[in-house]
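Computation of the quantities below employed the complete heavy-atom set of this structure, encompassing side-chain atoms and omitting hydrogens, waters and symmetry-equivalent molecules.
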Amino acid sequence: GRGSSPVSEPANGGGGGPFVERASPMETPTISLENATDGDTLLLFTSRDGRSYRIEAPAGGTGSVQLPAGDYNFHLVPRSSSVGGQTGDATFRRYHSYDLTCINSSEPNPGPHHLGD
């Protein structure tokens, strides 16, 4: 590693970071990427011992990968310029699955909008 570890900050929404954790009948964690953007998206994982895994999801599609349980760093690499990349770390536990949805975050929804009746 490079230097000392930064002070850990509380993750948004709990332990899995952007991942939604669900119980799974399979021992090996399954990570799924749902790509709701208009460009291909790549999700890279690196384990503590240096192994790497990847999920590629086409625009409007999904991809998944099975990872050994453990701690990982992840890097979300969207091909769409309207989506910000994301990096972080996550712990994937046995008998759980994890879902990440990538959406166009910085782009306003197309209008027109009608509120109320």
Side-chain angles (χ1 to χ4, degrees):
R2 291 171 298 187
S4 59
S5 301
V7 176
S8 61
E9 301 173 1
N12 292 334
F19 297 92
V20 178
E21 182 183 75
R22 292 189 174 86
S24 168
M26 291 186 297
E27 180 176 354
T28 304
T30 301
I31 291 69
S32 299
L33 172 63
E34 180 179 351
N35 182 6
T37 74
D38 54 6
D40 295 348
T41 297
L42 183 63
L43 185 56
L44 304 172
F45 297 96
T46 306
S47 66
R48 291 284 191 259
D49 57 6
R51 288 177 294 176
S52 58
Y53 305 84
R54 61 193 283 158
I55 304 174
E56 290 187 70
T62 57
S64 66
V65 69
Q66 287 189 306
L67 303 181
D71 296 321
Y72 291 84
N73 293 318
F74 70 87
H75 185 38
L76 184 65
V77 188
R79 301 264 189 265
S80 171
S81 59
S82 65
V83 185
Q86 192 170 17
T87 59
D89 54 75
T91 299
F92 299 129
R93 302 187 294 162
R94 294 187 306 154
Y95 298 107
H96 287 82
S97 63
Y98 297 84
D99 298 330
L100 176 63
T101 302
C102 182
I103 59 174
N104 288 334
S105 55
S106 61
E107 203 169 46
N109 292 327
H113 296 290
H114 297 288
L115 299 178
D117 296 333

Out of curiosity, D38 CG to I103 CD1, how far, rounded to the nearest 0.5 Å? 12.5 Å
Would you compute the distance between atom CG of L100 and atom OG of S64 and round it to the nearest 0.5 angstrom? 12.5 Å
For Y72 and S47, run side chain to side chain contact (heavy atoms under 4.5 Å, CB included): C-alpha distance rounded to whole Å, both residues' side-chain angles, the deciding distance at 0.1 Å, then the answer. CA-CA 5 Å; Y72 291 84; S47 66; 3.4 Å; yes
Could you tell me which residues satisfy salt bridge (Lys or Arg N to Asp or Glu O under 4.0 Å) with E34, sequence neighbours excluded, listed by chain and number? none
Salt bridge (Lys or Arg N to Asp or Glu O under 4.0 Å) filter on D40, not counting sequence neighbours, yields none
For [X], all residues meeting side-chain hydrogen bond (donor to acceptor under 3.5 Å, both in side chains), sequence neighbours excluded:
{"X": "D71", "result": "T91"}
{"X": "E27", "result": "R94"}
{"X": "T62", "result": "none"}

Apart from L44 itself, its cluster of hydrophobic side chains linked below 4.5 Å comprises L42, V77
Please confirm whether the backbone N or O of R93 pairs with a side-chain atom of Y98, one donor and one acceptor, at under 3.5 Å? yes
For [X] against [Y], the heavy-atom pair lying closest together:
{"X": "T87", "Y": "H75", "value": "CG2-ND1, 2.7 Å"}
{"X": "G39", "Y": "A59", "value": "N-CB, 3.6 Å"}
{"X": "C102", "Y": "T37", "value": "O-CG2, 3.5 Å"}
{"X": "S24", "Y": "S97", "value": "CB-N, 3.8 Å"}

Flag for N73-T46: side-chain donor and acceptor within less than 3.5 Å: no
Considering only heavy atoms from C-beta outward, does the side chain of T28 approach that of T30 to under 4.5 Å? no
From CA spacing to verdict: side chain to side chain contact (heavy atoms under 4.5 Å, CB included), F74, Q86: CA-CA 8 Å; F74 70 87; Q86 192 170 17; 4.3 Å; yes
Any chance you could lay out the side chain to side chain contact (heavy atoms under 4.5 Å, CB included) test for L33 and L76, step after step, and finish with the verdict? CA-CA 10 Å; L33 172 63; L76 184 65; 4.3 Å; yes
Quick one: do I31 and I55 satisfy side chain to side chain contact (heavy atoms under 4.5 Å, CB included)? Show the steps, please. CA-CA 9 Å; I31 291 69; I55 304 174; 3.8 Å; yes
